[in-house]
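It should be emphasised that the depicted structure is a prediction, and the values quoted were computed from it without experimental measurement. Heavy atoms only: backbone and side chains are in, while hydrogens, waters and symmetry mates are out.
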2 protein chains.
Amino acid sequence: MDNKNSISKIKEAIARSNEVLDALADLYKVFADATRVKILVALTQSEMCVGDISEFLEITQSAVSHQLRVLKTGGLVKSRRDGKTIVYSLADAHVRTMIDCGMQHLTE
Amino acid sequence: MDNKNSISKIKEAIARSNEVLDALADLYKVFADATRVKILVALTQSEMCVGDISEFLEITQSAVSHQLRVLKTGGLVKSRRDGKTIVYSLADAHVRTMIDCGMQHLTE
DNA sequence: ATAACATATGAACATTTATTCATATTTTCA
DNA sequence: TGAAAATATGAATAAATGTTCATATGTTAT
């Protein structure tokens, strides 16, 4: 059957891009947490240090620090030291695009 | 301080859109699994029944069914009955856009 | 009606994940 | 140098998640 044939073509295509699709899921995983999303959205407005984020999200400094590590490992934020504090900001413009893309889906 | 002031402005903005940001994280959650991503990408090529998906992903029919429910609850796929089988397809064009957006981030 | 087929569902289990607590590290300033 | 401040890290715990197994539901064809 023709349908059968095209399904197996798709199967091959998926198998070929298996690693990419795993990476794609991993990328979405980084966005898939309310705390991280709020951190990212906040960083679209201004760079911030850990203490500021902790304060305005009203969660412990440790929790923020752990989540920032996830975001940094995922390549979504970068950091620089400024005296005693460490200032976080979005890694690049793509992050903003990803958020906008999701928001657009929500608001249809 | 001016920085202090702008941080508290951002805090208010985040608090105001709290529910939206929770929903945004929930949306990303639906994409945040390799099995679901592969199902979605497959569906960008052609609508498919559960058995086809199960076969080409080489996972049990039950697992596929469970994941399709997550995708459907999340509003990413829709289904229609065709005789004995149930055919799944992408819910709308936004899904494709979300995937493209993620892919673009990966391939920079 | 009943057998066969396709899909859905619920319970159980293992794995992952987010947070907290305690503590380590690094920098500033007295 | 030593105390204080800001951040990072590791272990522990609770909650969420994905898969499998067994079984239920719904559809077709005999």
Notebook entry, point to check: If you pin B:Q61 and A:V50 to their nearest nucleotides in DNA chain D, which one's is more 5'?
Noted result: A:V50
Would you mind reading off the distance between [X] atom [atom1] and [N] atom [atom2], rounded to a whole angstrom?
{"X": "B:L68", "N": "D:dG18", "atom1": "CG", "atom2": "P", "value": "13 Å"}
{"X": "A:K72", "N": "D:dT7", "atom1": "NZ", "atom2": "P", "value": "13 Å"}
{"X": "A:K29", "N": "D:dG18", "atom1": "NZ", "atom2": "C1'", "value": "10 Å"}
{"X": "B:R80", "N": "C:dA8", "atom1": "CZ", "atom2": "P", "value": "14 Å"}
{"X": "B:D26", "N": "D:dA16", "atom1": "CG", "atom2": "P", "value": "12 Å"}
{"X": "A:D52", "N": "D:dA5", "atom1": "CG", "atom2": "P", "value": "17 Å"}
{"X": "B:L71", "N": "C:dA8", "atom1": "CG", "atom2": "P", "value": "12 Å"}
{"X": "B:R69", "N": "D:dT20", "atom1": "CZ", "atom2": "C1'", "value": "15 Å"}

Item checked: Pair of N/O donor and acceptor under 3.5 Å linking D:dT17 base with B:H66 side chain -> no
Say you draw a straight line from [atom1] of [X] to [atom2] of [Y]; how long is it, rounded to the nearest 0.5 Å?
{"X": "A:I7", "Y": "A:I10", "atom1": "CD1", "atom2": "CD1", "value": "5.0 Å"}
{"X": "B:L68", "Y": "B:Q61", "atom1": "CG", "atom2": "CD", "value": "9.5 Å"}
{"X": "B:Y28", "Y": "A:I99", "atom1": "OH", "atom2": "CD1", "value": "6.0 Å"}

Can a side chain N or O of [X] be found less than 4.0 Å away from OP1 or OP2 on [N]?
{"X": "B:R36", "N": "D:dG18", "result": "yes"}
{"X": "B:T60", "N": "D:dT19", "result": "no"}
{"X": "B:Y88", "N": "C:dA8", "result": "yes"}
{"X": "B:Q67", "N": "D:dT17", "result": "no"}

Notebook entry, point to check: Does a side-chain heavy-atom distance below 4.5 Å link B:T97 with A:C101?
Noted result: yes
Next item on the list: Indicate, with a heavy-atom threshold strictly under 4.0 Å, whether A:S62 touches base, sugar-phosphate, or nothing.
Entry: base
So if I take every side-chain heavy atom of [X] and compare against [options], which nucleotide ends up nearest?
{"X": "A:I86", "options": "D:dA8, D:dT20, C:dT20", "result": "D:dA8"}
{"X": "A:A63", "options": "C:dA6, D:dT20, C:dT19", "result": "C:dT19"}
{"X": "B:S65", "options": "D:dA8, D:dT17, C:dT7", "result": "C:dT7"}

Check: When the nearest nucleotide of DNA chain C is assigned to A:A32 and to A:G83 on a heavy-atom basis, which residue is associated with the more 5' position?
Finding: A:A32
Check: So does B:D33 pair up with A:K29, basic N to acidic O under 4.0 Å?
Finding: no
